[in-house]
Novice: 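Below is the structure I would like to discuss, written out as structure tokens.
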Amino acid sequence: MAGRRAALKAIDWLAFAERVPPNQRTMFNNLKTRSDAISAKLTSLPEKAAAIDWVYYRSAVAKAGMVDEFEKKFSALKVPEPVDTQTALINAQEAEANKTATAYIEASKARIAQYEKELDKFRNMIPFDQMTIEDLNDTFPETKLDKEKHPYWPHKPIADL
């Protein structure tokens, strides 16, 4: 039975609950309650459906041949199982997301290394109250005034101020 096979796939509700934000906790609880109810109902059903007593219906139904026709149609009836078309797409999306996350983690590690260098620079520099203008310009080159290019005060273009 396809439904029973689908129900055998267990859901790790504890791991799922850790990922649910607090504002969606009630929706999560409703989903879990509904899932548990459906799972309990599915497990209460027998593995195979009860066999139809065709002999009884032949004796009970007055119209001759009707039960034989139903029996023939019933035995010919095959309910198709749904084909899984989404798992491959989901796996591809998951692989793409993992690749993107790995690239983001690597970029983040590179930024962290750069920020650590800048932080180390700030920790090891002379305190501002003890700095001279030359020390300031050496530590922060963007503060150096270009007196050759802009000989008059403020020695920077007005748009850059």
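Computed from a predicted structure; not experimentally measured.
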Novice: Would you say Phe28 and Thr33 make side-chain contact, with heavy atoms under 4.5 Å?
Specialist: no

Novice: Any side-chain heavy atom of Met125 within less than 4.5 Å of one from Lys121?
Specialist: no

Novice: Quick one: pull up NZ in Lys109 and OH in Tyr104 and give me the separation to the nearest 0.5 Å.
Specialist: 13.0 Å

Novice: Answer yes if Ile38 and Trp13 sit in the same cluster of Ile, Leu, Val, Met, Phe, Trp and Tyr residues linked by side chain heavy atoms under 4.5 Å apart, and no otherwise.
Specialist: no

Novice: Would you say Tyr56 and Val67 are hydrophobically clustered, going by side-chain heavy atoms of ILVMFWY under 4.5 Å?
Specialist: yes

Novice: Check Lys144 with Asp138, please: is the shortest side-chain N to carboxylate O separation under 4.0 Å?
Specialist: no

Novice: Could you tell me which non-hydrogen atom of Pro141 sits nearest to which non-hydrogen atom of Thr139, and how far apart they are?
Specialist: CD-O, 3.5 Å

Novice: Are Phe74 and Val61 linked, directly or through other ILVMFWY residues, by side chains that come within less than 4.5 angstrom of each other?
Specialist: yes

Novice: According to salt bridge (charged side-chain N to carboxylate O under 4.0 Å, His left out), does anything in residues 24-42 pair up with another residue at least two apart or in another chain? List the pairs.
Specialist: Lys32-Asp36

Novice: Side chains of Tyr57 and Phe70: closer than 4.5 Å at any heavy-atom pair?
Specialist: no

Novice: Begin with the C-alpha distance, continue with both residues' side-chain angles, and end with the deciding distance and a verdict on side chain to side chain contact (heavy atoms under 4.5 Å, CB included) for Asp68 and Arg58.
Specialist: CA-CA 8 Å; Asp68 292 332; Arg58 280 189 189 93; 2.7 Å; yes

Novice: What's the separation between atom CG in Leu14 and atom CD1 in Ile11, rounded to the nearest 0.5 Å?
Specialist: 12.5 Å

Novice: How long is the straight-line distance from CD1 of Ile112 back to NZ of Lys117, given to the nearest 0.5 Å?
Specialist: 13.5 Å

Novice: Walk me through whether Asp135 and Thr132 qualify under side-chain hydrogen bond (donor to acceptor under 3.5 Å, both in side chains).
Specialist: CA-CA 5 Å; Asp135 293 334; Thr132 63; 3.2 Å; yes

Novice: Please list, chain by chain and in numerical order, all residues satisfying side-chain hydrogen bond (donor to acceptor under 3.5 Å, both in side chains) with Thr87, sequence neighbours excluded.
Specialist: Asp84

Novice: Given the rule in the salt bridge (charged side-chain N to carboxylate O under 4.0 Å, His left out) test, do Lys99 and Glu96 qualify, once you have shown the distances and angles that lead to the verdict?
Specialist: CA-CA 5 Å; Lys99 189 171 31 168; Glu96 182 66 29; 3.7 Å; yes

Novice: Side-chain heavy atoms under 4.5 angstrom apart, residues restricted to Ile, Leu, Val, Met, Phe, Trp, Tyr: same cluster for Met131 and Phe122?
Specialist: yes

Novice: For Asp120, is there any backbone N or O sitting under 3.5 Å from a side-chain donor or acceptor partner on Asn124?
Specialist: yes

Novice: Taking Ser39 for its side chain and Ser35 for its backbone only, find out whether a donor-acceptor pair lies under 3.5 Å.
Specialist: no

Novice: May I ask you to check whether over 12 heavy atoms, not counting those of Leu119, lie within 6.0 Å of atom CG?
Specialist: yes

Novice: If you draw a 6.0 Å radius around CZ in Arg19, do more than 12 non-hydrogen atoms from other residues or ligands fall strictly inside?
Specialist: no

Novice: Taking the basic N atoms (NZ, or NE/NH1/NH2) and the acidic carboxylate oxygens, is any pair closer than 4.0 Å for Glu69 and Lys72?
Specialist: no

